[in-house]
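Structure first, then comments.
Convention: sequence-line order gives letters A, B, ...; per-chain numbering from 1.
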Amino acid sequence: MMSRLSSIRWGRSGERSWASIVRQLRRPPVLVLVFMLLIAIFGPLFAPYDPLEPQPMNTLAAPSWAHWFGTDDYGFDIFSRVIYAARIDFSLALLGVLIGGGIGSLLGAFAAYRGGFIDWVLLRFVEIVQSFPVLLFALALFAAIGGGSRNMVLAIAIVNIPMYLRIIRSTLLPLRTAEFIDAARCAGLSGPGIVIKHFIPNAKGQIFSLFVLTCAYAIQIIAGLSFIGLGVEPPHPEWGSMINSGAGYIMLGVWWPSIFPGLAIVLSVYAVNGLSREQMTGQLRGSI
Amino acid sequence: MTSEDTDSRHITKKSTGSVLARQWIFYLVKRIGILLIVLLAVSILTFSVTRFAGTPLYAAVGVYSTDEMIAERKEKMGLNKPLWEQYTSYVSGLMRGNLGSSRRTFTPVRDEIADRLPATAELVIFAVGLSILWAVPLGAFAAFRPRGWADRIGSSLGQIGVSVPSFWLGLLFIYLLYYLLGALPAPFGRLGGADPPVSVTGFYTIDALLAGDLGLFGEAVRYLIMPALTLSFTSSPPIFSVTRSAVSTVLGSQFVEAARSYGIPRRAIKFRHVAPNAAPPVINIVAMTFGYLIGGAVLVEVVFSWPGIGTYAVQAMDFSDYDPVLGVVLLSATIYVVVYFLADLLQFLLDPRLRE
């Protein structure tokens, strides 16, 4: 089932011409992603207000020309905060996934190369970590080492390791008996050398598509943790904690403090997911 | 039964019984061994969190404590024993159902969880039931006619389902169904302020029916709809995609083609050949979704003030009250592992191909 994960739509194989790039850009998820990335990078230049400067006289104002997305209960401009938050959410997600994915891929390739006892131990490690629901795992971790952005990156890295480990391992397992690996060994290449020079490159497609899916997943985890008040600390703009701060007002019909940041999450996750043809399925545990 | 029968790799009618028994025992022992190892590791993990997070030692002695008081308390709590002894007493406590107690309310975590687990279970069962109702038939239809309407609807719902954060979707439902339409009650737990039915199963819907109170049953269902819908929407995409791929694999297989070429009616093929062969992976993913959601419904519970174990853990976390958090973590990991194990066994029983 996993082998199909490798198919990423980057044009036909070998085709790297401008035409194919332009064709890629016309796909809706790619358009949305480019848009969201531009916002994350350049958005703060255009944000109309300071995201950390409340206007106490103007709380919970409905969307208007002055405040496109309205203001929240402290009088923060929601539009500006949604823009600034893109940076925080994207960079935390990226960092966590890069760390976890890097370690996970290396361990997965290593497990596939070595087999035997180490392989068995690593697979049990995967089972153990994956038996915790992601959010509860993060709760337990935060109980031990405290919350905050830095530990959230750590939590994301840890939950990513088993995903990469298992999938990269199963992709590369057939290579253990491949002739060119034997040849590399005969040529005197060491174990780690073979893993890095020959195993990892053979899983490039897989790693990339996993990367895409786990980034989308990480954005959701970050938002979820911040929603229950454990991730990015409140005055800093973050989509999940913004949704949380508006949650109490939604029953009163004040929808804008929660709905707009949520739309930003939906758009980014949809866009990132859309890069991969294969949807997130059971292996990554659905959504948050 | 001779030994050559059991040796043969092809399962023939004659030998099935003893081969099955032997494979079955081997498989069972292996799986139970792995189950125990995973549970052991899970307990080591939670144990080390309790040591990392700090023991309730200082909470117990208070701010104005002398060294002697601390030493005495340490002795009493067994904190100066070697670590492995502390661990074994922790595990033997777990075996007896001792999950510690809350630092805030001083109630045993076990009792609180026992009170709240039915709330979570009722919600999750409803949500998974809802998912089965829409995702399985739609997945099957999508496989019968790829790129047809069922496939399009299912895939786009799936795509939205994985992109939408559950807590936000819950808020959206509250805004639409409670505030704008007033069709469903406010998101205040299982029954709002009303008196719950006499507890028999802990499931309000069933208890209300047992008490013969249809009105209360209706109320309980009305409170369930929004959170269950939210949970179902965000957790069902894997069920849809697994059903679709399972059915389409079976449809493409040679025995279905053979059945077709015999002129067996389509209906009969669907129910007699396709359904049983596509069932195992579907049952598996449904079971896993269920096992996962027991602890994975945290955010939805919080949004709807649902008094389940997830809300309990999050509230305790707010007060740095770690025993409840770890109790919930331990319980949900255990449930997940055990459900996964049972799903595997079921798979093994249903699908003879796995036994080879």
Notebook entry, point to check: Heavy-atom distance under 4.5 Å to chain A: side chain of Leu171(B), backbone, both or neither?
Noted result: both
Margin query: Could you check whether any side-chain heavy atom of Tyr292(B) comes within less than 4.5 Å of a side-chain heavy atom of Val134(A), counting everything from C-beta outward?
Written below: yes
Item checked: Value rounded to 0.5 Å, distance of OG in Ser131(A) from CD1 in Ile335(B) -> 12.0 Å
Checklist line | Between CG on residue Leu172(B) and OG on residue Ser258(A), distance to nearest 0.5 Å | finding: 10.0 Å
Notebook entry, point to check: Given that the side chain runs from C-beta out, which part of Leu45(B) has a heavy atom under 4.5 Å from chain A: side chain, backbone, both or neither?
Noted result: side chain
Item checked: Leu299(B) to Gly224(A) - nearest heavy-atom pair and separation -> CD2-O, 3.6 Å
Margin query: Between Pro187(B), Ser320(B), Ala297(B), Ala186(B), who has the most heavy-atom pairs with chain A when the cutoff is under 4.5 Å?
Written below: Pro187(B)
Next item on the list: Output, in order, the C-alpha distance, side-chain angles, deciding distance and verdict of side-chain contact (heavy atoms from CB on, under 4.5 Å) for Asn273(A) and Gln159(B).
Entry: CA-CA 8 Å; Asn273(A) 260 336; Gln159(B) 213 159 355; 6.0 Å; no
Note to self: For a 4.5 angstrom cut-off between non-hydrogen side-chain atoms, does Trp168(B) reach Leu263(A)?
What the structure shows: yes
Next item on the list: Rounded to the nearest 0.5 Å, what's the gap from OG1 on Thr46(B) to CZ on Phe132(A)? Could you check?
Entry: 6.5 Å
Notebook entry, point to check: Out of Ala271(A), Gly262(A), Ala140(A), Ser268(A), which one racks up the most heavy-atom pairs below 4.5 Å with chain B?
Noted result: Gly262(A)
Next item on the list: Side chain from CB out, backbone as N, CA, C, O: work out which of these in Phe227(A) comes under 4.5 Å of a heavy atom of chain B, or both, or neither.
Entry: side chain
Margin query: Need one label for Phe125(A): side chain, backbone, both or neither, based on atoms under 4.5 Å from any heavy atom in chain B.
Written below: neither
Note to self: Which one wins on heavy-atom pair count under 4.5 Å against chain A: Ile34(B), Val325(B), Val328(B)?
What the structure shows: Ile34(B)
Check: Is chain A contacted by the side chain of Phe233(B), its backbone, both, or neither, given a heavy-atom distance below 4.5 Å?
Finding: neither
Margin query: Using a 6.0 Å cut-off, check whether atom OH of Tyr87(B) has over 12 heavy atoms from anything other than its own residue.
Written below: yes
Item checked: Nearest heavy-atom neighbours spanning Met317(B) and Leu139(A) -> CE-O, 3.4 Å
Notebook entry, point to check: For Arg150(A), does the CZ atom sit with more than 12 other heavy atoms under 6.0 Å from it, leaving out its own atoms?
Noted result: no
Next item on the list: Working to the nearest 0.5 Å, report the span between OH of Tyr175(B) and CG of Leu252(A).
Entry: 11.0 Å
Check: Which heavy atom in Tyr270(A) sits nearest to a heavy atom in Ser163(B), and how many Å separate them?
Finding: CA-OG, 3.5 Å
Next item on the list: Determine the minimum heavy-atom distance between Gln130(A) and Tyr336(B), stating which atoms define it.
Entry: O-CE2, 3.7 Å
Notebook entry, point to check: Is there a side-chain contact between Val298(B) and Pro133(A) (heavy atoms, below 4.5 Å)?
Noted result: no
Check: OH/Tyr178(B) to CE/Met251(A) distance, rounded to the nearest 0.5 angstrom?
Finding: 7.0 Å
Checklist line | Contact origin within Trp239(A) toward chain B - heavy atom pairs under 4.5 Å | finding: neither
Item checked: Under 4.5 Å from any heavy atom of chain A - which part of Val329(B) -> both
Next item on the list: Answer yes or no: are there more than 12 heavy-atom neighbours, outside Trp68(A) itself, under 6.0 Å from its atom CH2?
Entry: no
Check: Taking all atoms of both residues into account, what is the closest heavy-atom pair of Val266(A) and Pro165(B), and its distance?
Finding: CG2-CD, 3.9 Å
Next item on the list: Please state whether the side chain, the backbone, both or neither of Val38(B) comes within less than 4.5 Å of a heavy atom of chain A.
Entry: both
Checklist line | Nearest atoms (heavy-atom pairs only) where Ile228(A) meets Asp318(B) | finding: O-OD1, 4.5 Å
Note to self: Working to the nearest 0.5 angstrom, can you tell me the gap between Leu136(A) CG and Ile309(B) CD1?
What the structure shows: 7.5 Å
Check: Is the backbone of Val162(B) close enough, under 3.5 Å, to the side chain of Gln220(A) for a donor and an acceptor to pair up by distance?
Finding: yes
